[in-house]
Protein chains: 2
Amino acid sequence: MLQVSRKFEYGLHAVTYLATKGLGRVVTVKEMADEIGFSQEFLSKAMQSLKRAGIAASVQGVKGGYRLGKAIEEVTVADIALAIEGKPHLVRCGVKADRCEIFSSCHHRGYINTLQHKIQALLTATTIHSLLKEIEG
Amino acid sequence: MLQVSRKFEYGLHAVTYLATKGLGRVVTVKEMADEIGFSQEFLSKAMQSLKRAGIAASVQGVKGGYRLGKAIEEVTVADIALAIEGKPHLVRCGVKADRCEIFSSCHHRGYINTLQHKIQALLTATTIHSLLKEIEG
DNA sequence: CTTAATAGGGTTAAAATAGTCCTATTTAAC
DNA sequence: GTTAAATAGGACTATTTTAACCCTATTAAG
Ligand code: SF4
Ligand code: SF4
């Protein structure tokens with residue numbers, strides 16, 4: 001269906017939330033989930049992925065939470081997608097060749113791979129900074 | 001995971017198969033499935049979708065099968081995707097607004113929709129004709 | 001030492017995708 | 001006209017992926 005995962009949307013919303021509500025401020029998952037309207041548990045998983053990628057930074061313990069890990073000019077939508085969904089692969093042979101029974105005789109991979117790179121370029125072209133400008137402006 | 005459906009790949013392979021093996025020739029699903037290396041039953045479903053969209057034409061009865069329904073200069077990858085997967089929607093609110101609990105407060109739709117249009121433009125930019133030239137050349 | 005938070009493994013539930021099966025219809029060939 | 005080879009398509013099942021939840025451990029403020 002060529003659809004973006006829900007977790008990615010959770011992550012994207014979370015990052016823009018962090019970016020708008022105080023740049024250095026530490027925000028709990030609970031606050032974000034309540035404000036945005038998402039499931040706290042699931043958003044928590046998304047935040048953990050973002051943290052591992054350095055997009056968010058975490059503070060543990062009471063008064064803990066998350067804040068941005070990078071300047072919003074340096075985080076692209078592609079980064080968030082990578083952090084949450086892992087390396088993109090439009091076709092199953094991108095995961096592993098033997099996942100496709102016709103791998104050795106397929107003549108379409110080249111095209112599909114360039115297509116993928118173009119899509120990736122689109123995602124890379126948008127930083128969170130420019131996304132916010134687009135939303136507000 | 002942003003992955004293309006298997007049925008779409010079946011369809012794409014089938015169309016290029018029809019295009020290379022004789023333009024007017026009527027080819028059975030069995031032949032295509034055997035040659036390409038796909039499941040006959042499932043490929044059959046893909047062909048039915050392509051037929052409904054006019055991309056393939058069918059001949060029923062003994063000696064029946066499929067042939068191309070349009071000139072390969074007039075069929076784009078986007079057409080095949082549309083025929084097989086239906087209207088694209090990168091996010092669930094594209095199917096129906098109430099599929100997302102935060103629809104009314106979401107500020108990301110605009111961006112995601114332009115992203116979708118750009119991806120769609122990429123698919124529309126490749127006709128089967130140009131795809132074949134790319135493969136052969 | 002208690003409490004509020006993240007970290008993360010493991011499990012379950014729901015949905016989408018992939019594939020199969022079966023029957024009806026069409027039509028060429030005999 | 002009967003048979004056989006094909007598409008048409010509905011219904012079903014299996015598999016895989018996604019989404020969500022639960023539970024325990026760890027961290028650190030008060
Ligand atoms: S059909 Fe080709 S592009 Fe698609 S998964 Fe198989 S090898 Fe890859
Ligand atoms: S979060 Fe926004 S873009 Fe995503 S499905 Fe909901 S309304 Fe649509």
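All values below were derived from every heavy atom in this structure, side-chain atoms included, with hydrogens, water molecules and symmetry-related copies excluded.
- Along DNA chain D, the nucleotide nearest B/Val29 and the nucleotide nearest A/Val59 are compared for position; the residue whose nucleotide lies closer to the 5' end is B/Val29.
- The heavy-atom pair separating A/Arg25 from A/Arg67 by the smallest distance is O-CB, 3.3 Å.
- The B/Ser5 side chain lies nearest to C/dA18 when the options are C/dA18, D/dT7, D/dG9.
- The distance from atom CE of A/Met32 to atom C1' of C/dT6 is 11 Å, rounded to the nearest whole Å.
- For A/Gln3 and C/dA16, the CD to P distance is 8 Å, given to the nearest whole Å.
- Helix-axis bend for the helix from C/dC1-D/dG30 to C/dC30-D/dG1: the local axis fitted to the five terminal pairs at one end deviates from that at the other end by 0°, rounded to 10°.
- Judged purely by distance below 3.5 Å, without hydrogens or angles, the side chains of B/Thr16 and A/His107 never pair a donor atom with an acceptor atom.
- The side-chain heavy atoms of A/Thr76 and A/Leu123, taken from C-beta on, include no pair separated by under 4.5 Å.
- Closest approach to the A/Lys63 side chain among D/dG30, C/dA5, D/dA5 is made by D/dG30 (side chain taken as heavy atoms from C-beta onward).
- Atom C1' of nucleotide D/dA8 and atom CG of B/Leu50 are separated by 14 Å, given to the nearest angstrom.
- Contact annotation: B/Ser58 reaches the phosphate of D/dA8 (side-chain N/O to OP1 or OP2, under 4.0 Å).
- Rounded to a whole Å, the CZ atom of A/Phe8 is 18 Å from the C1' atom of D/dT17.
- Under 4.0 angstrom from either OP1 or OP2 of D/dT17 there lies at least one side-chain N or O belonging to A/Arg99.
- Rounding to whole angstrom units, CD of residue A/Glu9 and C1' of D/dT18 are separated by 13 Å.
- No side-chain heavy atom of B/Val75 sits under 4.5 Å from any side-chain heavy atom of B/Leu68.
- A parallel orientation is assigned to the rings of B/Tyr10 and B/Phe38, their planes being inclined by less than 30° (bins at 30° and 60°).
- No side-chain heavy atom of B/Val77 sits under 4.5 Å from any side-chain heavy atom of B/Leu122.
- Minimum interatomic distance between B/Lys87 and B/His89 (heavy atoms only, all atoms of both residues): O-CD2, 3.2 Å.
- Following rounding to the nearest Å, B/Lys30 (NZ) and D/dA4 (P) show an atom-to-atom distance of 17 Å.
- For A/Lys7, no side-chain nitrogen or oxygen approaches OP1 or OP2 of D/dT18 to under 4.0 Å.
- With contacts defined as side-chain heavy-atom distances shorter than 4.5 Å, the pair B/Ser44/B/Met32 does not qualify.
- A salt bridge is absent between B/Lys21 and B/Glu31; no separation between the charged side-chain nitrogens and carboxylate oxygens falls under 4.0 Å.
- Within the 4.5 Å cutoff, no side-chain heavy atoms of A/Tyr111 are placed close to those of B/Ile135.
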Can you check nucleotides 19-24 of chain C for protein contacts, nitrogen or oxygen pairs under 3.5 Å, and list what you find?
residue, atom, partner, partner atom, Å
C/dT20, OP2, B/Ser39, OG, 3.1

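- Side-chain proximity of A/Gln60 to C/dA7, D/dA29, D/dA4: nearest is C/dA7.
- For the pair B/Lys51 NZ and D/dA6 P, the computed distance is 18 Å after rounding to whole Å.
- Checking C/dT3, C/dG8, C/dA7 against the side-chain heavy atoms of A/Val62 singles out C/dT3 as nearest.
- When the P atom of D/dA6 is taken as reference, atom CD of B/Gln48 falls 15 Å away, rounded to whole Å.
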